[in-house]
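Shown next, in structure tokens, is the structure this report addresses.
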Amino acid sequence: MNITRGFTGRRAPDPGLPPGQYDAGDDWPVLSAEVTPDLAPADWTFRIDGLVEEARTWTWEQAHALPATAYEGAIHCVTGWSKFGTRFGGVSLDAFLEAVRPHASATHALARAHTGYTTNLPLADLTGGRAWIAWEYDGEPLAPEHGGPARLLVPHLYFWKSAKWIAGLTLLDHDEPGFWERNGYHARGNPWEEQRYSGD
Ligand SMILES: Nc1nc2c(c(=O)[nH]1)N[C@H]1C(S)=C(S)[C@@H](COP(=O)(O)O)O[C@H]1N2
Ligand SMILES: [Mo]
């Protein structure tokens, strides 16, 4: 399905481009610090640990038993491109977090990929139906170069927060910088406030 920009029909008004971004159109650039791993769904697991009542690891099948939900909308990369009308399928992070019962003291999460990539997020950005573990794009399995079999998807923040080949989250009572954040990028990365670099 194509979303015609400018004609919103029954849709919510298109929020448009965040400051300093351009529309990449049909392109979907690949940005990876690592070599794309050869990760089969059978070898994929997703774990939440740290400040939780009950740390838990889900297999591919166990994760797929959770209620399926979709995201349709834009993604925004800090290098400048935004892509509208993306369609991801997966499971809301709320469903995973409900199962582990985060401690009241948990304020942040450090996300890690099966390749070692990390990125930090406020826990509040991962709840409320705004973050997903995504394994489908346009109704097809998510391509390996885009993080398949499964990636974190947090589309309201710059896309470096959406860790590809997601392996898990550790809940913390403080913020701990991940890979790009240790290299000068912003702790939160809200594109609407142009939080690109630490200090922005
Ligand atoms: N594991 C991992 N996840 C990652 C990255 C990465 O290098 N490794 N790059 C991030 C950045 S900077 C962006 S813009 C998006 C790119 O996702 P894409 O290649 O599917 O466009 O993934 C994010 N997640
Ligand atoms: Mo990016």
Side-chain angles (χ1 to χ4, degrees), residues 17-41 43-48 60 63 70-91 93 96 108-122 125-126 130-170 176-200:
L17 278 170
Q21 296 290 110
Y22 66 89
D23 185 345
D26 290 335
D27 290 345
W28 187 3
V30 171
L31 283 108
S32 305
E34 320 93 297
V35 172
T36 296
D38 188 7
L39 186 61
D43 298 326
W44 179 85
T45 52
F46 176 63
R47 177 173 176 80
I48 307 182
W60 183 253
Y71 168 73
E72 283 193 45
I75 54 178
H76 310 287
C77 174
V78 72
T79 60
W81 57 267
S82 291
K83 183 172 173 60
F84 290 91
T86 70
R87 290 201 311 147
F88 287 92
V91 167
L93 253 193
F96 293 97
H108 291 82
L110 189 62
R112 62 182 175 282
H114 281 277
T115 48
Y117 180 91
T118 56
T119 186
N120 53 302
L121 303 106
D125 281 312
L126 295 174
R130 296 193 297 166
W132 291 261
I133 299 298
W135 42 64
E136 277 181 11
Y137 186 81
D138 261 348
E140 301 290 334
L142 183 64
E145 64 269 27
H146 287 301
R151 75 182 299 159
L152 182 61
L153 175 68
V154 192
H156 70 284
L157 299 179
Y158 281 125
F159 212 34
W160 90 78
K161 299 289 183 179
S162 296
K164 304 197 274 192
W165 317 294
I166 187 70
L169 300 175
T170 298
E176 220 167 86
F179 175 75
W180 285 117
E181 295 84 4
R182 281 195 300 272
N183 286 286
Y185 284 83
H186 198 277
R188 178 153 186 252
N190 177 355
W192 300 98
E193 293 176 14
E194 231 182 330
Q195 295 171 339
R196 298 177 192 271
Y197 309 104
S198 61
D200 282 352

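When a ligand or atom number is given, it counts from 1 through the structure's own listing order. Owing to the predicted nature of the structure, the values given are computational and were not obtained by experimental measurement. Along the sequence shown, the residues carry numbers beginning at 1.
Closest approach of L153 and A134 over heavy atoms only: CB-CB, 4.2 Å.
Contact atoms of ligand 1 toward W28: 18 (P), 20 (O), 21 (O) (distance under 4.0 Å to a heavy atom of the residue). Atoms of ligand 1 lying under 4.0 Å from at least one heavy atom of W81, given by number and element, are 21 (O). Less than 4.0 angstrom separates some heavy atom of C77 from each of these atoms of ligand 1: 14 (S). Of all atoms in ligand 1, listed by their number and element, those nearer than 4.0 Å to a heavy atom of A33 are 6 (C), 7 (O). Taking every non-hydrogen atom of S32 and a distance limit under 4.0 Å, the qualifying atoms of ligand 1 come out as 6 (C), 7 (O). Against a heavy-atom cut-off of under 4.0 Å, A113 is close to the following atoms of ligand 1: 1 (N). The H146 neighbourhood of ligand 1 comprises atoms 18 (P), 19 (O), 20 (O), 21 (O), with distances under 4.0 Å to a heavy atom of that residue. Of all atoms in ligand 1, listed by their number and element, those nearer than 4.0 Å to a heavy atom of V30 are 19 (O).
Looking from atom 11 (C) of ligand 1 to the surrounding protein, the closest heavy atom is W160 CA, 3.5 Å. Of the protein's non-hydrogen atoms, E34 OE1, 2.6 Å is the one closest to atom 8 (N) of ligand 1. The nearest heavy-atom contact from the protein to atom 3 (N) of ligand 1 is K164 N, 2.9 Å. The single protein non-hydrogen atom nearest to atom 23 (C) of ligand 1 is F159 O, 3.2 Å, given as residue, atom name and distance. Looking only at heavy atoms of the protein, atom 21 (O) of ligand 1 is closest to P29 O, 2.7 Å. Of the protein's non-hydrogen atoms, the one nearest atom 22 (O) of ligand 1 is R151 NH2, 3.2 Å.
For the pair Y71 (side chain) and A74 (backbone), a donor-acceptor distance under 3.5 Å is present. Distance alone, capped at 3.5 Å, places no donor-acceptor pair between the N190 side chain and the Q195 backbone. Looking only at distances, no side-chain donor or acceptor of R87 sits under 3.5 Å from a matching main-chain atom of E72. Side chain of D23 to backbone of G25: a donor-acceptor contact under 3.5 angstrom is found.
E181 and K161 are joined by a salt bridge, as a carboxylate oxygen and a charged side-chain nitrogen come within less than 4.0 angstrom of each other. The pair D27-K83 fails the salt-bridge criterion, with no side-chain N (NZ, NE, NH1 or NH2) lying under 4.0 Å from an Asp/Glu carboxylate O.
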Self-check item: ring pair (Phe, Tyr, Trp, His ring centres under 6.0 Å) between W81 and Y22, intermediate numbers included
Solution: CA-CA 5 Å; W81 57 267; Y22 66 89; 8.2 Å; no
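Remark: ligand 1 and S162 share an N or O pair separated by less than 3.5 Å (distance only, no angle test). Where the criterion is an N or O separation shorter than 3.5 Å, residue side chain and backbone included, W165 fails it with respect to ligand 1. At least one N or O atom of L31 sits closer than 3.5 Å to an N or O atom of ligand 1.
Note: F84 and H76 have perpendicular aromatic rings, judged against thresholds of 30 and 60 degrees for the angle between ring planes.
Taking 4.0 Å as the cut-off, Y185 does not count as a neighbour of ligand 1 on heavy-atom distance. Within the 4.0 Å heavy-atom cutoff, A163 counts among the residues contacting ligand 1. For K161, the closest heavy-atom approach to ligand 1 does not fall below 4.0 Å.
For the ring pair (Phe, Tyr, Trp, His ring centres under 6.0 Å) with H146, the lone residue among Y137, F159, W135, W28 that qualifies is W28.
The heavy atom nearest to atom 5 (C) of ligand 1, out of those in Y158, Y117, W180, is found in Y117.
Judged by distance alone, the side chains of D125 and H156 do bring a donor and an acceptor atom under 3.5 Å apart. Between the side chains of R151 and S162, no donor-acceptor pair is found at a separation under 3.5 Å.
In this structure, W44 places its CH2 atom where more than 12 heavy-atom neighbours from other residues, nucleotides or ligands lie under 6.0 Å away.
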